[in-house]
Asker: 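Sharing a structure with you now.
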Protein chains: 2
Amino acid sequence: MDGIRRYLVSEGINPSYQRLKIFEYLLQHKVHPTVDTIYNDLYKQIPTLSKTTIYNTLNLFEQKEIIKSLSIEKNELRYESDTEPHAHFKCNECGDVYDLSKEFPLIIGKTIEGHRVTDQQLYLQGVCKNCS
Amino acid sequence: MDGIRRYLVSEGINPSYQRLKIFEYLLQHKVHPTVDTIYNDLYKQIPTLSKTTIYNTLNLFEQKEIIKSLSIEKNELRYESDTEPHAHFKCNECGDVYDLSKEFPLIIGKTIEGHRVTDQQLYLQGVCKNCS
DNA sequence: GTATCTGCAAAACATTTGCAATTCT
DNA sequence: AGAATTGCAAATGTTTTGCAGATAC
């Protein structure tokens, strides 16, 4: 927890209790949780927690570029603490989202058809190994 | 317009006036419009048009697999009539979304890390050639 | 003590649903 | 007439905003 505190401070973020807990949660739950999932889980430890604080905190983290948001599915934002580019796979059966370790071509930094690329996201969908 | 009518019929879709106009709009506006954009444009020609009809129609088209929806950005669904897999580039300056003709590896049909892939989306972001 | 952070309640959006009126054949 | 379609109004779900109270330095 002290490591997390130091990390947040080093990124210019005031390490409040809620912020520490939310960032710790993202580090420990690498399944790209939604705000609702984060709230329902952390609520057990922090009964006074509100969703507003989770929204505020995630928006702050994203602005400071220590997390990323994924809009894989309509009407559902998901969050992850891994900011390195990597592909995502969403299972249409169980709904789980997996990180893929397989390397795909890195396009960031290149110029394609005249457009300068600064960010890339590869989303795959299908049926995961558990649901096959 | 008669070609569009025949196409809708061939896909099992009753070609009402609104459906014809909405599909024609998507064919003519390949900038991945939102429901709001479609509504604001078509409203001028069809003053009685409602957003509900646009939602109904787009959902029907998507279900019949003659269009695709893109959730590139949070809280904003975009639609396109091109159902072939291709990459998208979104300009963070002007907000426009471009189709890229450059070929990227086709992953659909493959199995990656045990997951069977049936759909793929590559989203790039950055600064487009007009905004550079 | 002053600035920041939290969290309630309300607002703002996009999308869906229920249903009555309209249209088409 | 009968079935499908349209579109209004209300409901739903997610995210944002306003603001008063709590917390931290």
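Naming convention: chains lettered A, B, ... in sequence-line order (proteins, then strands); numbering from 1 in each chain.
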Asker: Please work out whether the ring planes of Tyr39(A) and Tyr43(A) are parallel, tilted or perpendicular, with thresholds of 30° and 60°.
Answerer: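 Ring orientation, 0 to 90° scale: tilted.
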
Asker: Nearest whole angstrom, please: distance from the C1' of dT5(D) to the CD1 of Ile22(B).
Answerer: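 Roughly 12 Å, once rounded to whole Å.
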
Asker: Report the C-alpha separation of Gln18(A) and Thr53(A) in whole Å, then their side-chain angles, then the decisive distance to 0.1 Å, and conclude whether the side-chain hydrogen bond (donor to acceptor under 3.5 Å, both in side chains) test is met.
Answerer: CA-CA 8 Å; Gln18(A) 286 86 342; Thr53(A) 298; 5.8 Å; no

Asker: Can you tell me if the side-chain N/O atoms of Gln18(A) get under 4.0 Å from OP1 or OP2 in dT23(D)?
Answerer: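 Indeed not, no polar side-chain atom of Gln18(A) lies that close.
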
Asker: How is Thr34(A) classified with respect to the nucleic acid when contacts are heavy atoms under 4.0 Å: base, sugar-phosphate, or nothing?
Answerer: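 The answer is nothing, as Thr34(A) stays clear of every strand by at least 4.0 Å.
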
Asker: Rounding to an integer number of Å, can you tell me how far Asn56(A) CG sits from dT6(C) P?
Answerer: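 My rounded result for the distance is 8 Å.
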
Asker: Of all the choices, dG7(D), dC8(C), dT16(C), which nucleotide is nearest to the side chain of Asn59(B) once you look at every atom?
Answerer: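 Nearest to the side-chain atoms of Asn59(B), counting from C-beta on, is dT16(C).
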
Asker: Looking only at side-chain atoms of Tyr55(B), point me to the closest of dT5(D), dC5(C), dT16(C).
Answerer: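 Comparing dT5(D), dC5(C), dT16(C) against the side chain of Tyr55(B), the answer is dT16(C).
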
Asker: So if I take every side-chain heavy atom of Asn14(A) and compare against dT4(C), dT15(D), dC8(C), which nucleotide ends up nearest?
Answerer: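 Of dT4(C), dT15(D), dC8(C), dT4(C) is nearest to the side chain of Asn14(A).
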
Asker: Between Leu58(A) (CG) and dT15(D) (P), how many Å, whole number?
Answerer: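 Rounded to the whole Å, the gap is 10 Å.
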
Asker: Relative to the ring of His88(B), is the ring of His32(B) parallel (under 30°), tilted (30 to 60°) or perpendicular (over 60°)?
Answerer: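 The rings of His32(B) and His88(B) stand perpendicular, inter-plane angle above 60°.
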
Asker: Report the distance from atom CD1 of Ile46(A) to atom P of dC8(C), rounded to the nearest whole Å.
Answerer: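 Between P of dC8(C) and CD1 of Ile46(A): 13 Å.
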
Asker: Taking 4.0 Å as the cut-off, does a side-chain nitrogen or oxygen of Thr52(B) come that near to OP1 or OP2 on dT6(D)?
Answerer: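 Checking Thr52(B) against dT6(D): no side-chain N or O falls below 4.0 Å of OP1 or OP2.
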
Asker: Among the nucleotides dT15(C), dC8(D), dT17(C), which one has an atom lying closest to any side-chain atom of Ser50(B)?
Answerer: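 The closest nucleotide is dC8(D).
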
Asker: Between Phe89(A) and Tyr98(A), how do the two ring planes meet: parallel, tilted or perpendicular, split at 30° and 60°?
Answerer: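 Correct class here is tilted.
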
Asker: Return yes if some donor-acceptor pair links the side-chain N/O of Gln120(A) with the main-chain N/O of Pro105(A) below 3.5 Å, else return no.
Answerer: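 Checked: pair present.
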
Asker: Expressed in angstrom and rounded to an integer, what is the separation of Tyr17(B) atom OH from dG7(D) atom C1'?
Answerer: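 Result: 16 Å.
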
Asker: Rounded to the nearest Å, what distance is computed from the CG atom of residue Asp36(B) to the C1' atom of nucleotide dC13(C)?
Answerer: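 In whole Å, dC13(C) C1' lies 10 Å from Asp36(B) CG.
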
Asker: Given dT15(C), dT15(D), dT6(D), identify the nucleotide with an atom nearest to the side chain of Ser16(B).
Answerer: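 Between dT15(C), dT15(D), dT6(D), the one nearest the side chain of Ser16(B) would be dT6(D).
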
Asker: Could you give the CD-to-P distance, from Glu76(A) to dC13(C), as a whole number of Å?
Answerer: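 Computing the Glu76(A):CD to dC13(C):P distance gives 23 Å.
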
Asker: Using whole Å, report how far CG of Leu49(B) lies from C1' of dT22(C).
Answerer: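 In whole Å, dT22(C) C1' and Leu49(B) CG are 15 Å from each other.
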
